[in-house]
**Student:** 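Sharing a structure, written as structure tokens. Questions coming.
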Amino acid sequence: MDTDRLPGCYRHPDRDTGITCTRCERPICPECMISASVGFQCPECVRGGSGTGHRPTANAARTIAGGVVAEDPQLVTKILIGINVAVFFAGLLAPGLVVQLGLLGRYVEYFGGPVQGVSTGEYHRLLTSVFLHVEWWHIISNMIALWVIGGPLEAALGRTRYLAVYLLSGLGASALVYLLSAPDAPTVGASGAIFGLLGATVVLARRLRYEMRPVIIMVVLMLVLTFVPFGGAVRVSWQAHVGGLITGALVGLGMLTPTAAKHRARVQWGTCAVVFLLAAGLIMLRTAELT
């Protein structure tokens, strides 16, 4: 046994530290220590009444990405699943919803009719299409994937950061579909956003130094299912899957790159802004081409 090794933080045992809480004397790492009038204190002692004057969330336990650890770490995933299911049933009652909210670049329903689509300024389609599904197998498979992939990722990132990955991945997927697909080909589904969560999961596994083989196998398998048709009967948008995967990985890198705590939020939300602008650039390029 190495007796010279520093003790591990009581909240993050894998992080050695020489700092202890001045009240309970438990070892704490730099992420957990909170400045007090004398020395540093741990989050539990601060919540017990140290009077540091910090806002309440400053004392909360944090995820690896700096998000607040929530009581229900899968709440956003549950809400997203609920929204998708609700929109699916709304689509059954109003079949025209797919035409109104689905991803279409440029579309005319009948000769001489009004032109519809993203290129006419209906940019909401880029995100509303992410919550639309037409077939039962489509909604069921996507929601299972969202729960399996999204739940653990939300717990690791925190609610706000997780939602940012999901929405930006959906936007990035739609941007690539809009850029590379036929303008009158409708595209719907959450799979692009889910592939984005998968891309961020790869970054998370790398950040935590997990065994990468199972994650890589999952990515390869899902990409194979993307490019290999099921008897030619099911049309899968490879553009959405690839666009979502790349976007999610980029946002995940911004969220999970080790950064000093005081700069972390700036790096994370700066990355989100850059990714959004890249997607917006592709969208504007395609719009100019179609008009």
**Student:** Can you list the steps and then say if R125 with L101 is a side-chain contact (heavy atoms from CB on, under 4.5 Å)?
**Tutor:** CA-CA 5 Å; R125 292 175 178 270; L101 301 179; 5.9 Å; no

**Student:** Examine W136 together with F89 and report whether their ring centres are nearer than 6.0 Å.
**Tutor:**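 Yes.
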
**Student:** Taking C-beta and beyond as the side chain, do I194 and I149 meet within less than 4.5 Å on heavy atoms?
**Tutor:**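 Touching, per the 4.5 Å side-chain cut-off.
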
**Student:** Set out, in order, the CA-CA distance, both residues' side-chain angles and the distance that settles side-chain contact (heavy atoms from CB on, under 4.5 Å) for L104 and Q116, then state yes or no.
**Tutor:** CA-CA 8 Å; L104 285 164; Q116 304 176 62; 5.8 Å; no

**Student:** Do L153 and T77 have side-chain heavy atoms sitting under 4.5 Å apart?
**Tutor:**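 Of all side-chain heavy-atom pairs linking T77 with L153, none is under 4.5 Å.
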
**Student:** Can any side-chain N or O of T17 pair as donor or acceptor with the backbone N or O of G8 at less than 3.5 Å?
**Tutor:**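 Such a contact is absent between T17 side chain and G8 backbone.
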
**Student:** With no hydrogens and no angle check, is any side-chain donor or acceptor of E211 less than 3.5 Å from a backbone partner on R213?
**Tutor:**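 Present.
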
**Student:** With a 4.5 Å cut-off on side-chain heavy-atom distances among I, L, V, M, F, W and Y, is there a chain of contacts connecting V85 to L93?
**Tutor:**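 No, V85 and L93 fall in different hydrophobic clusters.
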
**Student:** Do side-chain atoms of R286 reach the backbone of Y178 as a donor and acceptor pair under 3.5 angstrom?
**Tutor:** yes

**Student:** Write down the atom of A164, the atom of C272, and the distance for their closest heavy-atom approach.
**Tutor:** CB-SG, 4.3 Å

**Student:** Tell me, do K78 and D72 make a side-chain contact under 4.5 Å, heavy atoms counted?
**Tutor:**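 Yes - at least one pair of side-chain heavy atoms lies under 4.5 Å apart.
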
**Student:** Are the side chain of Q239 and the backbone of L176 linked by a donor-acceptor contact shorter than 3.5 Å?
**Tutor:**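 No, Q239 side chain to L176 backbone: no donor-acceptor pair under 3.5 Å.
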
**Student:** Taking L278 as the starting point, is it possible to reach V242 by hopping between hydrophobic residues whose side chains are less than 4.5 Å apart?
**Tutor:** no

**Student:** If we check side-chain contact (heavy atoms from CB on, under 4.5 Å) with F88, which of these qualifies: M143, H138, E135, H133?
**Tutor:** H133

**Student:** Is there side-chain contact between L282 and M284, with heavy atoms separated by less than 4.5 Å?
**Tutor:**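 Not touching, per the 4.5 Å side-chain cut-off.
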
**Student:** Determine whether V224 and L198 fall in the same hydrophobic cluster, where Ile, Leu, Val, Met, Phe, Trp and Tyr are linked whenever their side-chain heavy atoms lie under 4.5 Å apart.
**Tutor:**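 Yes, V224 connects to L198 through the hydrophobic network.
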
**Student:** Please confirm whether the backbone N or O of G254 pairs with a side-chain atom of Q268, one donor and one acceptor, at under 3.5 Å?
**Tutor:** no

**Student:** Would a hydrophobic clustering, with Ile, Leu, Val, Met, Phe, Trp and Tyr connected at side-chain separations under 4.5 Å, put V215 with L208?
**Tutor:**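 Yes; L208 is reachable from V215 via cluster members.
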
**Student:** Find out whether M255 and T63 are in side-chain contact, i.e. whether some heavy atom of one side chain is under 4.5 Å from a heavy atom of the other.
**Tutor:** no

**Student:** Flag the pair R106 / T291 as yes when at least one side-chain heavy-atom distance between them is below 4.5 Å, and no otherwise.
**Tutor:**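 SC-SC contact between R106 and T291 confirmed.
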
**Student:** Got F276 and L168 here, is their nearest side-chain heavy-atom distance under 4.5 Å?
**Tutor:**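 The answer is yes, as the side chains (C-beta and beyond) meet within the 4.5 Å cut-off.
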
**Student:** Looking at T259 and T257, would you say the former's side chain and the latter's main chain have a donor-acceptor pair under 3.5 Å?
**Tutor:**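 It does hold such a pair.
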
**Student:** Hey, is E31 close enough to R15 for a salt bridge, meaning N to O under 4.0 Å?
**Tutor:**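 Salt bridge: yes.
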
**Student:** If we only count heavy atoms from C-beta on, is the V165 to L157 side-chain gap below 4.5 Å?
**Tutor:**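 Yes - at least one pair of side-chain heavy atoms lies under 4.5 Å apart.
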
**Student:** Suppose we call two aromatic rings close when their centres sit under 6.0 Å apart. Are F195 and H241 close by that rule?
**Tutor:**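 Aromatic pair counts; centres sit under 6.0 Å.
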
